[in-house]
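See below for the structure under consideration.
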Amino acid sequence: MRRRGARNFAARLLAWYARQQRDLPWRRTRDPYRIWVSEIMLQQTRAQAVIPYYERFLSRFPTVAALAEAAESDVLAAWSGLGYYSRARNLQKAARAIVAAGGFPRDYEALRRLPGIGPYTAAAIASIAFGQPHAVLDGNVLRVLARLENDPADIASSRTRARFQQMAGRLLEPKDPAAFNQAMMELGATVCLPRAPRCLLCPVAQDCRALAAGTAEQLPVKLRPGRQERIEQTLVRVEKRGRLLLRQRPADAGRMAGFWELPAVEDLPGVRLNGALGSFRHTITRHLYVFTVRSGTLARAPRGFRWLSGAELGALPLSTAARKALRLGNFPQGFVPKL
DNA sequence: AATCCGGGGCA
DNA sequence: TGCCCAGGATT
């Protein structure tokens with residue numbers, strides 16, 4: 001980059017990546033569909049968390065056509081537990097657009113027009129699946145670059161991001177954009193860690209101005225307090241003849257639309273409450289929910305509710321909060337909520 | 001430019 | 001407990 005030029009930087013990085021990269025399932029294919037699915041799942045989600053979902057999702061929907069033809073509830077059920085469910089809806093919308101267009105888009109601009117594909121994902125697919133010279137900029141790359149340049153700018157600001165995007169583009173090795181991009185992210189994920197970076201193992205330590213200055217652990221700078229809000233709520237598990245009372249969130253609900261969840265106590269006028277089954281915490285973005293779960297009885301299902309068996313639950317998108325609530329007891333028989 | 005969207009893993 | 005994660009859409 002500076003002292004020795006971008007070429008030598010890329011050479012050191014790529015040599016390291018060739019030896020030290022993790023064996024991840026999406027690195028064993030060049031199928032654009034599989035690359036695409038992996039990139040969507042990896043948005044704001046760690047690789048280790050993605051792996052089991054990735055394998056299951058692809059065995060369930062092996063091709064773009066299979067995904068396009070599926071029922072949305074099946075797609076959501078396969079995504080259930082991964083979070084950010086608009087990713088799954090947009091993935092299927094995009095699959096239908098790809099089928100309608102007659103093929104997978106190959107260039108950055110066309111990829112960028114698909115729902116759920118922003119600047120990062122378009123660059124990732126264009127480079128990894130099609131070898132095009134677009135530099136990715138994700139949380140890992142931002143951190144690596146801030147440290148390489150010892151740059152204290154706020155990475156939450158869009159100006160800083162635009163500047164770093166240019167920087168990444170200058171460093172990019174045009175002979176192998178796929179490996180270069182993945183190597184930058186791999187470095188951030190396994191060596192250039194947010195706290196306690198492993199600088200002794202870093203293949204580009206000689207290029208790093210933050211290491212020389214002793215500021216690596218202070219970088220990157222990210223302003224934005226974002227206070228957490230605490231919300232307490234009581235959920236009720238109402239059972240009748242081996243079935244559980246659940247309700248489906250409306251299709252136009254802002255978050256987790258279409259997901260099945262347990263009723264809160266205020267949703268059930270006339271419910272008779274029994275003992276407490278336990279409590280648990282559940283964080284959604286910046287809200288900390290503290291749920292208490294009680295069992296209750298009710299003669300008939302109120303409007304919008306249904307009685308569901310354990311087998312039926314298994315095939316439906318179930319909120320993670322509902323799963324945690326069901327783990328507190330033994331209902332329904334034989335149903336073990338995955339988590 | 002600020003907010004919202006899930007959920008888990010880590011020190 | 002707070003922070004971060006192969007971000008994107010909406011306002």
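Each chain gets a letter, A, B and so on, in the order the sequences are listed, and its residues count up from 1. Computation of the quantities below employed the complete heavy-atom set of this structure, encompassing side-chain atoms and omitting hydrogens, waters and symmetry-equivalent molecules.
- If you check every strand for non-hydrogen atoms under 4.0 Å, A:Arg255 touches sugar and phosphate atoms only.
- The residue A:Leu82 sits close to a base: some heavy atom pair falls under 4.0 Å.
- Between the CZ atom of A:Arg46 and the P atom of B:dG6 there is a distance of 19 Å, given to the nearest Å.
- No contact: A:Ser38 has no heavy atom under 4.0 Å from any strand.
- Smallest separation of non-hydrogen atoms from A:Arg323 and A:Gly81: NH1-CA, 4.0 Å.
- Heavy atoms of A:Arg113 sit nowhere under 4.0 angstrom from any nucleic acid atom.
- Aromatic pair A:His134/A:Tyr108: centroids less than 6.0 angstrom apart.
- Among residues two or more places apart in sequence or in another chain, the salt bridge (charged side-chain N to carboxylate O under 4.0 Å, His left out) test is passed with A:Arg60 by A:Asp74.
- Counting to the nearest Å, the P atom of C:dG7 and the CG atom of A:Leu111 are 17 Å from each other.
- Judged purely by distance below 3.5 Å, without hydrogens or angles, the side chains of A:Arg87 and A:Thr45 pair a donor atom with an acceptor atom.
- Screening A:Val204, A:Leu187, A:Leu201 against A:Trp16 for a side-chain contact (heavy atoms from CB on, under 4.5 Å) leaves a single residue, A:Leu187.
- Residue A:His282 has a polar side-chain atom (N or O) positioned under 4.0 Å from OP1 or OP2 of B:dG7.
- Residue A:Arg143 is classed as a sugar-phosphate contact, given heavy-atom separations below 4.0 Å to backbone atoms only.
- Distances from the side chain of A:Glu186 to the nucleotides B:dG6, C:dA6, C:dG8 place C:dA6 closest.
- A:Leu219 places its CG atom 12 Å from the P atom of C:dC4, with the value rounded to the nearest Å.
- Note: CD (A:Glu261) to C1' (B:dG7) measures 16 Å, nearest angstrom.
- The distance between atom CG of A:Leu318 and atom P of B:dG6, rounded to the nearest whole Å, is 14 Å.
- For the pair A:Asn181 CG and C:dG7 C1', the computed distance is 15 Å after rounding to whole Å.
- Protein atom CD1 of A:Ile51 is 13 Å distant from nucleotide atom P of B:dG9, rounded to whole Å.
- For the pair A:Arg12/A:Asp207, a side-chain contact is recorded, criterion being any heavy-atom separation below 4.5 Å from C-beta on.
- Considering all non-hydrogen atoms of both residues, A:Phe305 and A:Pro263 come closest at CE2-CB, 3.4 Å.
- Toward the 5′ end of DNA chain B lies the nearest nucleotide of A:Ala156, the other residue of the pair A:Ala156 and A:Gln44 mapping further downstream.
- For A:Tyr120, taking side-chain heavy atoms from C-beta onward, the closest of the listed nucleotides B:dC10, B:dG7, C:dA6 is C:dA6.
- Within the 4.0 angstrom heavy-atom criterion, only backbone atoms of the sugar-phosphate kind lie near A:Met256; the bases stay farther away.
- Each of A:Gly116 and A:Glu39 was matched to the nucleotide of DNA chain C holding its nearest heavy atom; the match closer to the 5' end belongs to A:Glu39.
- Of the candidate nucleotides C:dG7, C:dA6, C:dC3, C:dA6 has the atom nearest to the side chain of A:Leu24.
- Listed candidates were C:dG7, B:dC10, C:dA6. Nearest to the side chain of A:Ala189 is C:dA6.
- The same atom, P, is picked in C:dA6 and in B:dC4; the two are 24 Å apart, to the nearest Å.
- Taking atom P in both C:dA9 and B:dG8, the straight-line distance is 24 Å, to the nearest Å.
- Put simply, CG on A:Leu142 is 12 Å from P on C:dC4, counting in whole angstrom units.
- Ring geometry for A:Trp79 versus A:Phe57: interplanar angle over 60°, hence perpendicular rather than tilted (30 to 60°).
- In this structure, A:Gly118 reaches the sugar-phosphate backbone alone: every heavy-atom distance under 4.0 Å involves primed, P, OP1 or OP2 atoms, never a base.
- A:Trp26 comes within 4.0 angstrom of a nucleotide base, judged by non-hydrogen atoms across all strands.
- Residue order along DNA chain C, read from the 5' end via each residue's closest nucleotide, puts A:Arg27 first among A:Arg27 and A:Leu114.
- Taking every heavy atom of both residues into account, A:Glu39 and A:Ile128 meet most closely at OE2-CD1, 3.6 Å.
- The side chain of A:Arg281 approaches C:dT1 more closely than any other nucleotide in the set C:dT1, C:dG8, B:dG7.
- Shown for residues 85-101 of chain A: no residue has heavy atoms falling under 4.0 angstrom of DNA chain C.
- A close approach under 4.0 Å does not occur between any side-chain nitrogen or oxygen of A:Thr45 and OP1 or OP2 of C:dG7.
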